[in-house]
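As structure tokens, the structure follows; a few thoughts come after it.
Numbers here are sequence positions counted from 1.
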Amino acid sequence: MKSGNLLLGLVSGAAAGAILGLLYAPKKGKDTRKAITDKGDEYIKGANRSIHDFTDSVNHKVEALKARTKAGVTSSKSKEKMNQAKAEMHEVAS
């Protein structure tokens, strides 16, 4: 329960600080709202770019793995390790 109170206090303090900062800002409200909107859009574009880059990277790695598997590059050593891991997992489950 104490961590919940701490979290509530932190969130409340951050919200109060943000509100006070906006109220006492030297810019007009219209300018402040535009700046907030522009900054929010900038963050969203950056997040979308990061997500897109991440998914491209994952897709590239998956396609490379598929190609290697189709080409039969998997060595007998890796098959042996996979079978060994399966056997160990079966033993743990029993």
Side-chain angles (χ1 to χ4, degrees):
M1 193 66 185
K2 288 184 180 186
S3 63
N5 289 339
L6 176 65
L7 183 61
L8 180 62
L10 287 173
V11 170
S12 300
I19 290 170
L20 286 173
L22 290 174
L23 288 175
Y24 290 103
K27 295 181 181 179
K28 291 182 179 178
K30 181 180 179 181
D31 296 337
T32 302
R33 286 189 298 274
K34 179 157 177 38
I36 290 171
T37 302
D38 291 344
K39 192 56 96 168
D41 290 343
E42 184 181 315
Y43 285 138
I44 290 171
K45 286 179 185 176
N48 284 339
R49 200 174 316 115
S50 295
I51 290 169
H52 182 70
D53 291 347
F54 175 74
T55 55
D56 282 350
S57 173
V58 169
N59 286 336
H60 178 70
K61 289 177 182 178
V62 167
E63 291 302 321
L65 183 60
K66 284 181 183 178
R68 278 186 17 196
T69 304
K70 282 185 180 179
V73 175
T74 10
S75 68
S76 61
K77 204 176 213 185
S78 62
K79 287 180 183 178
E80 181 182 320
K81 285 184 179 182
M82 251 173 54
N83 288 335
Q84 184 181 8
K86 285 180 184 178
E88 288 174 4
M89 288 180 67
H90 182 69
E91 288 176 12
V92 169
S94 300

Please tabulate, one pair per line, all N/O donor-acceptor pairs under 3.5 Å involving side-chain atoms of residues 35-43, not counting sequence neighbours.
| from | atom 1 | to | atom 2 | distance (Å) |
| --- | --- | --- | --- | --- |
| T37 | OG1 | R33 | O | 2.9 |
| D38 | OD2 | K34 | NZ | 3.3 |

For residues 49-61, which residue pairs qualify under side chain to side chain donor-acceptor pair (under 3.5 Å), counting only residues two or more places apart or in two chains?
-> H52-D56
Cluster companions of F54 among Ile, Leu, Val, Met, Phe, Trp, Tyr (side-chain spacing under 4.5 Å) | V58, V62
